[in-house]
Amino acid sequence: MIKLQSVSHWYGQVIGVNDVTCTIGPGVTALLGMNGAGKTTMMRLITGQIRANTGSVRVLGHDPFANPEVYRLLGYCPDVDAFYETMTGREFVTLMARLAGFSAPEAKRRADEAIDRVGMADRADRRLAGYSKGMRQRIKLAQAMIHDPRIILLDEPLNGLDPGGRREFILLLRHLADEGKLILVSSHILFEVEQMTRSILLLHRGRLRATGDLRVIRELIDRHPHRIRIETPHPRALAARLVEWPFVLSVSLEAGGEALEIQTREPDRFYGSLPELVEQGLVILGLSSPDNNLESVFRYLVEA
Amino acid sequence: MPESGLIADLSYRGYDGPLLPPTHRWWVIARMGVRQAFRKRAYWVVTALSAWYYLVMMAVLFFFERAAQSAPGARGEAGFEAFIGRIVWKDQFLHGFGFAQLLYLIAALMLGAGAIANDNRSKALLVILSKPCDKRDYLAGKWMGVFLPLLTMMLIPPLVFFVYGALSYRDYGFLDNPWFFPKFLIVLVLGAAVHTSLVIGISSLFDQGRLAGASYAGIYFLTNFFTQLMVFAWLDSQVFLWGGARGGAGQSPFAEYVDRLYYVSIDGLLIGLCKAILGTDGSPQFGMPSPIRPVPAPPLLATLLVALALCAAGVAVAWSRIRAVEVVR
Amino acid sequence: MIARVLFLHALRDFLRFRRVLAWVLVIAGVAVAGWVWAGLMGEMAPTDVYARLSSILTFRVLPLAAAVFATAVVGQEVEQKTIVYLLTRPVGRPTLLLSRAAAATVVVFAIGAACALTVAAAAGFRSGVAGSLGQDLVALAVGSLAYVSLFLVVSLLLNRAMVVCLLYAFGWETSVGNMPGDLYHLAVSSYLSAIGSKPAPTSGNPMLDLLSGQLGLNLITPQRAWTVLGVLIVVCLVFGTRWFATHEYVPREDAE
Amino acid sequence: MVASLQNLTVRYGSFTALDSLSAEIPEGCVGLLGPNGAGKTTLIKTMLGFLTPAGGGGLVLGLDIRTQGREIRQKVGLMPEQDCHIPGLNAVQFVAFAGELAGMPSELALRRAHEVLEYCGLGEARYRNVETYSTGMKQRIKLAQALVHGPSLLLLDEPTNGLDPRGREEMLDLIRSVSHGKGVNVIVSSHLLPDVERVCDHVVVVSRGKVTEQGAIARLKVIEGRPIDIELKEESPEFVRALRDLGATVEATGLVLRVRLEGSAEQVSATIFRTARQTGAQVRGLAVAQRSLEGVFEEAVRA
């Protein structure tokens with residue numbers, strides 16, 4: 001669907017994206033990165049607002065720059081918080097539908113349906129100037145999916161949504177992904193992204209740092225072995241036994257005395273041999289892996 | 001060497017220093033305005049430029065005096081006497097004030113156009129009102145923040161000329177009636193107040209300094225344009241009285257209003273105010289003889305009322321436009 | 001079809017209440033100036049009064065309106081950051097630019113025509129004024145198109161376009177009419193006055209001539225004026241659309 | 001008690017933003033939660049004396065919100081949700097100006113501005129104009145201008161909004177270090193519940209203009225009957241069936257099973273590991289089940 005071939009782009013001497021090569025297929029993919037890592041630049045390249053200085057960008061086989069063919073199949077929810085403030089939400093979405101080439105009645109119908117889908121049906125007739133951030137975000141979503149695009153790009157879509165709104169949005173995204181659409185979401189709220197997808201695309205300082213499934217990437221981070229925390233009434237006894245296992249790199253006892261933390265590069269073997277210890281009378285009350293989530297993976301990958 | 005080893009705890013600590021009573025916050029905002037104005041180089045450039053009439057006048061006087069002394073015998077001296085006789089000292093301040101109007105506008109734009117407009121765009125009110133300030137402090141502070149630098153800018157050139165005049169031309173009657181200078185200061189205060197109120201009022205209507213500046217300049221030039229029409233209407237009636245080319249029968253219905261309509265613009269009003277307060281109709285610039293009679297001064301009370309009305313209007317517009325805090329549900 | 005939607009959206013945006021109010025005030029100012037002035041020039045022939053006023057007032061307001069609305073076609077959208085919604089629609093950029101420019105031209109012409117009408121009313125609709133008014137309306141039509149396309153190109157190239165356009169209109173064009181030699185060929189207004197109503201060469205009052213830019217000679221024949229303006233419009237629009245279609249219009253990446 | 005509000009009612013025209021809302025805000029760090037348009041921002045504005053309530057009243061830091069608005073705002077630091085700064089100033093000038101506005105003498109304000117900027121991690125960007133700041137830095141300088149006059153109550157409206165993960169972590173550390181042991185009470189109004197969980201001890205949930213839930217987070221998260229959450233490596237129906245045979249009630253959602261089993265914690269965990277080994281399932285997570293804050297939020301909002 002989307003193919004980037006050694007793409008670079010810079011504004012003056014500020015590097016936006018530097019030699020990125022990747023392909024993005026259907027389903028939900030998360031575009032992650034620090035502020036200024038090049039996420040917005042990449043989004044603008046794919047939506048054809050800017051042109052790559054080197055390399056090529058292909059969306060559905062076409063060069064997206066100022067290309068109406070691509071925009072017929074692409075929906076974009078921009079990161080800028082800007083609107084035609086004097087219009088109402090419904091008018092704005094209807095206008096966007098008309099500009100997508102629908103007739104007046106068809107545009108009205110689609111607008112009402114999209115506004116309903118983002119839960120703004122009762123508040124869409126007020127002027128945009130008075131909207132809260134969450135409401136503006138929903139209107140932006142509505143206009144992004146009004147013309148049944150095959151690709152939907154969302155730049156910081158969760159910004160300002162309340163928990164209820166975010167849950168509805170994630171369900172909506174999953175539903176759209178099930179219809180075979182390609183959804184690229186750039187977001188900073190990692191614990192939300194984790195609920196959306198496991199396929200990530202991590203940019204750091206303009207370079208592509210990691211792509212693919214989160215779990216696989218986590219395995220590949222060998223510089224940071226897996227940390228596993230165990231809550232037990234007798235940490236020292238358990239620690240003595242764990243140290244004997246060859247695949248346990250380190251064991252550290254927490255000050256509170258009720259828990260210990262081990263580091264291992266082979267989590268599978270560790271989890272597999274734990275039950276034996278329990279059978280030999282050692283007690284494990286709690287077992288968790290503090291860094292088996294997107295937040296830690298992100299932190300490890302973008303460490304200076 | 002401090003004997004006991006000490007690692008300071010640089011984490012957050014509260015502020016327990018003195019806190020002034022949460023009143024008269026407007027002075028803080030005004031001082032910020034003044035500080036920002038004095039920091040701008042362009043401000044001083046405009047101040048210097050606005051003194052050009054006074055500088056020219058000083059140069060003219062200086063060279064005439066030199067020429068008179070170097071010329072042989074009494075003729076040179078007499079020529080200078082005649083020249084200086086023609087000069088009405090207080091009118092020089094009127095002309096200085098009149099010729100600097102454009103620069104006063106530029107200063108007002110530079111100081112005031114963005115005063116509230118840029119605040120609207122950057123939502124500065126949220127910061128200011130979350131401190132112990134309210135709308136009154138904000139408006140008063142902003143107004144003074146523009147008024148004080150504008151008044152200083154208007155004040156410096158005439159002050160310099162006054163000192164120069166008082167020192168070197170005392171015996172030519174410069175200080176015969178010294179009361180004209182305090183009156184002139186009142187003119188400057190009113191002039192600065194009118195410009196400040198109008199530019200603050202217009203600035204509050206926009207959220208971009210540039211647009212506010214463009215609108216105020218637009219209004220200024222449009223009304224000024226109107227005064228230009230009156231200028232040559234006046235010249236035309238002069239030429240006519242003077243038996244000029246266009247004989248022609250009756251006089252147009254507006255002839256007698258011309259000298260009033262002449263003042264119907266921002267700079268016209270200020271010049272009118274200056275004439276009315278100084279109590280002069282003005283006299284030819286640079287002491288050059290000229291057949292055209294200057295436009296007579298407008299009635300003092302009427303001009304004063306119009307000026308104060310403009311000030312009130314500007315402030316009222318600004319007050320109504322400053323919404324305490326965007327009420328967003 | 002989409003062009004019509006763009007045209008109507010731009011029209012609605014340009015004719016917002018606050019903007020219309022501002023221009024109504026301007027036209028009111030013109031009316032007052034015209035009425036007062038006509039009163040003063042009691043004995044002058046109405047057509048001459050009309051022609052004089054139209055060159056001073058109407059053909060000054062036209063470039064002013066053009067400067068405001070031409071820069072709003074693209075410049076304002078970029079500044080408001082709402083350009084992203086237009087650029088990511090399945091609409092060719094030329095259509096986008098031209099339909100919004102058309103809306104701007106229509107609004108500018110409307111303002112110019114309103115000015116011309118008030119000035120004509122001020123000069124009294126007596127003999128001949130209607131004729132020169134008609135002539136002026138034609139000049140205003142082609143003038144608004146010329147000014148809008150010229151200022152559009154300026155707004156595409158520079159981001160501080162409004163100031164540049166105003167300087168051109170009020171600085172260059174007002175003074176070029178009075179300059180010696182052929183400098184007047186470089187001002188749109190000279191060509192427009194060749195097409196529109198032409199005030200009598202001199203009115204015997206040097207100041208009046210200075211103001212209405214009559215001091216210099218204006219030897220442009222209407223035919224040449226039409227060709228030059230036509231070329232100017234075509235060149236500006238073609239260059240503008242090419243430039244708009246090949247360049248990036250994106251709010252500046254916030255500095256890290 | 002930082003603030004006590006008695007049936008506050010605020011109306012915008014016909015819309016009732018706060019509907020006789022009563023709340024007792026305890027010391028320390030309190031999370032203010034609620035869906036869009038529930039009245040959170042209105043509550044903050046009323047506490048600061050921006051809006052005069054149609055009915056009811058309250059005290060903030062012992063000062064009456066109806067009459068002593070200015071005194072409250074001198075003791076409180078507000079970090080607004082929207083971006084806001086004073087145009088044309090660099091960071092130090094801006095924060096010093098905020099200090100002077102709060103009543104600090106100008107030279108003390110300048111010294112304090114440097115200190116607070118250093119503290120908020122803007123030490124090296126202190127002389128740059130605020131317009132050139134990134135989203136993260138804009139959030140920090142908003143916190144700095146709220147802290148400059150040493151407030152005893154800090155109101156933070158969406159402090160971590162728009163920050164990247166590292167920025168969010170640093171902002172949360174900042175808030176936690178200010179609110180614990182420095183004598184500064186903090187009220188965090190946010191939509192990011194995990195952030196609130198990491199920083200706050202108490203929570204007040206506002207929905208449709210009323211307080212529908214309030215209390216210590218720890219207490220609210222407890223589920224009666226202490227069920228155990230087990231996370232497996234892959235789904236294993238045999239494991240679930242084996243547990244059910246042992247009389248446990250099991251609710252499976254994806255890889256996580258919520259198990260209720262009689263017996264002490266040690267016995268339950270021993271049985272779980274034994275069954276896992278027998279059925280070849282691999283247990284990767286074992287914890288006492290807690291209601292997520294989102295769960296608390298959902299129930300409070302639905303009420």
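Because only heavy atoms are used, hydrogens play no part in the values below, and waters and symmetry mates are left out as well, while side chains stay in. Remember, predicted model here, so these are calculated numbers, not experimental data. Note on naming: letters A, B, ... go to the chains in the order of the sequence lines (proteins, then strands), and numbering restarts at 1 for each one.
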With a 6.0 Å cut-off (strictly less than), is the heavy-atom count around [atom1] of [X], excluding the residue itself, greater than 12?
X	atom1	value
B:Arg136	CZ	no
B:Arg121	CZ	yes
B:Arg321	CZ	yes
B:Arg41	CZ	no

Is B:Asp137 close to chain D through its backbone or its side chain, or both, or neither, when contacts mean heavy atoms under 4.5 Å? side chain
Looking only at non-hydrogen atoms, find the nearest pair between [X] and [Y] and report the distance.
X	Y	answer
B:Pro18	D:Pro105	O-CD, 3.5 Å
D:Phe50	B:Leu129	CE2-O, 2.8 Å
B:Lys131	D:Arg73	O-NE, 3.0 Å

If you count heavy-atom pairs under 4.5 Å between each of D:Leu174, D:Asp83, D:Leu101, D:Leu147 and chain B, which one has the most? D:Leu101
Among D:Lys40, D:Gln93, D:Lys75, which residue has the highest count of heavy-atom pairs closer than 4.5 Å to chain B? D:Gln93
Rounded at 0.5 Å granularity, tell me how far CG in D:Leu89 sits from CZ in B:Arg35. 9.5 Å
Spatial distance of atom CG (B:Leu126) from atom CE (D:Met79) [nearest 0.5 Å]: 12.5 Å
Close side-chain approach of [X] to [Y], heavy-atom, < 4.5 Å:
X	Y	answer
D:Val116	B:Tyr15	no
B:Arg25	D:Arg70	yes
D:Ile86	B:Ser122	no
B:Lys123	D:Pro80	no

Part of D:Glu115 within contact of chain B (heavy atom distance under 4.5 Å): side chain
B:Val127 and D:Lys142: side-chain contact (heavy atoms from CB on, under 4.5 Å), yes or no, with the steps? CA-CA 9 Å; B:Val127 174; D:Lys142 280 196 294 187; over 6 Å; no
